[in-house]
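What follows is a set of notes on a single structure, which appears directly below.
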Amino acid sequence: MNKVKEILNYNFQFSENIHITVKTILIVIVIMVLTALLLKGIKNLVTRKLPANDKPKFKSVFSFVRYFIYLVVLLITMQNMGVQLTAILTASAALLVGVGLALQTFFQDIISGIFILIDQSVHVGDIIEIDGKVGRVVEIKLRTTRAVTIDNKVLVIPNHKYLTSILYNWTENGVLTRESVSVGVAYGTDVEKVKLLLIEAANSNTSVLDKPEPLVLFADFGESSLDFKIIFTINNSFEASIVKSEVRFKINELFKENNITIPFPQRDIYIQK
């Protein structure tokens with residue numbers, strides 16, 4: 001028994017003001033284990049009552065809060081056990097400053113991740129565009145957001161990008177989006193016929209919705225062409241580039257069948273002798 005007491009009271013002295021006993025270490029371990037079990041119980045209790053869409057968000061925030069709670073419990077426990085925390089913090093102040101500077105971006109990502117989860121500006125399944133990259137969000141974590149592009153490449157986006165870059169959320173207002181294709185025809189072309197062919201090209205595509213109906217705009221009198229724009233609605237903006245490509249193919253086909261010319265810019269060159 002005396003031997004056990006002697007082991008428990010064995011003192012690890014790191015400096016004149018910093019010393020920790022084996023007993024203190026064991027008590028800290030026990031309290032940390034009990035804290036982990038308590039947090040796990042709270043997590044299971046809360047997630048059981050949350051909707052399926054909110055569970056990943058809660059787990060992400062909870063994982064960050066959990067480490068903060070561990071740190072607070074550790075400091076309080078050590079303080080109550082007589083460990084001189086002031087001396088430890090003073091001795092490690094320079095190290096903490098260095099670590100803080102090194103992890104500055106890391107903490108920016110975490111804070112940004114919390115903002116994203118709280119204000120719900122981005123959800124799993126949203127189609128977003130950031131820094132010219134477009135992808136469908138598949139996972140939102142505290143530090144990064146993962147999105148898959150149309151060519152099945154994974155974008156790993158640091159969350160601080162949302163604070164420093166302009167974010168376009170293509171599906172914020174719903175899954176329906178208005179897309180358009182522009183085309184020019186030669187001067188003298190029957191504009192009413194062009195209008196009907198453009199509507200036919202859009203309606204022939206199975207991805208284009210019947211309601212609202214496609215709309216043709218006479219955009220401008222160009223330098224060498226009459227400029228038109230066909231506007232249509234689709235319910236999968238992630239594949240918008242594919243749909244627009246198919247509509248262009250159809251327009252080109254219909255124009256050839258109806259002898260409608262798509263002009264190219266022409267320039268007159270005068271050579272002086």
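As the structure is a computational prediction, the values presented were derived from the model and not from experiment.
Inter-residue side-chain proximity for Asn152 and Thr149 is flagged as unmet; no heavy-atom pair is nearer than 4.5 Å.
Of all heavy-atom pairs between Ile140 and Val124, the closest is CD1-N, 4.1 Å. What you find for Ile234 and Ser207 is that their closest heavy atoms are CG2-O, 3.4 Å. When all heavy atoms of Lys250 and Ser204 are compared, the pair lying nearest together is CG-OG, 3.4 Å. Among all heavy-atom pairs drawn from Glu239 and Ile150, the shortest one is CA-CD1, 4.0 Å.
Arg178 and Ser180 are not linked by any side-chain donor-acceptor pair at a separation below 3.5 angstrom, with hydrogens and angles left out of the test. Side chain to side chain, Asn159 and Thr144 fail the donor-acceptor criterion of an N or O pair below 3.5 Å.
Under the rule for a side-chain hydrogen bond (donor to acceptor under 3.5 Å, both in side chains), Asp220 has no partner lying at least two apart in sequence or in another chain.
Between atom CD1 of residue Ile166 and atom CD1 of residue Ile130 there is a gap of 10.0 Å, rounded to the nearest 0.5 Å. Note: Leu176 CG to Leu209 CG = 6.0 Å, rounded to the nearest 0.5 Å. To the nearest 0.5 angstrom, Asn203 atom CG is 11.5 Å from Thr206 atom OG1. Asn258 CG to Thr261 OG1: the interatomic distance, rounded to the nearest 0.5 Å, is 11.5 Å.
Ser245 contributes no side-chain N or O that, together with a main-chain N or O of Ser241, makes up a donor-acceptor pair within less than 3.5 Å. For the pair Asn44 (side chain) and Lys40 (backbone), a donor-acceptor distance under 3.5 Å is present. Judged purely by atom type and a 3.5 angstrom limit, Asp126 uses its side chain to pair as donor or acceptor with the backbone of His123.
One hydrophobic cluster, built from ILVMFWY side chains closer than 4.5 Å, cannot hold both Ile251 and Leu217; they sit in different ones. Linking Ile, Leu, Val, Met, Phe, Trp and Tyr whenever their side-chain heavy atoms come within less than 4.5 Å puts Ile29 and Leu37 in one cluster. There is no path of hydrophobic side-chain contacts, each under 4.5 Å, that joins Val156 to Val122. Ile127 and Ile157 sit in two unconnected hydrophobic clusters of ILVMFWY residues. Membership requires side-chain heavy atoms under 4.5 Å apart, directly or through other members. Placement of Ile260 and Leu226 within a single hydrophobic cluster is found when ILVMFWY residues are connected by side-chain heavy-atom separations under 4.5 Å, directly or transitively.
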For residues 182-201, which side-chain N or O atoms pair as donor and acceptor with protein atoms under 3.5 Å away, sequence neighbours left out?
from, atom 1, to, atom 2, distance (Å)
Tyr187, OH, Gly222, O, 2.7
Thr189, OG1, Ala186, O, 2.6
Asp190, OD1, Glu192, N, 3.1
Asp190, OD1, Lys193, N, 3.4

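Remark: of the listed residues Leu39, Val33, Leu38, Leu39 is the sole one forming a side-chain contact (heavy atoms from CB on, under 4.5 Å) with Thr35.
For residues 200-244, the set of pairs meeting the ring pair (Phe, Tyr, Trp, His ring centres under 6.0 Å) definition, not counting sequence neighbours, comprises Phe218-Phe221, Phe218-Phe228.
Ion pair Glu213/Lys211 flagged as a salt bridge, since at least one NZ, NE, NH1 or NH2 atom sits closer than 4.0 Å to an Asp/Glu carboxylate oxygen.
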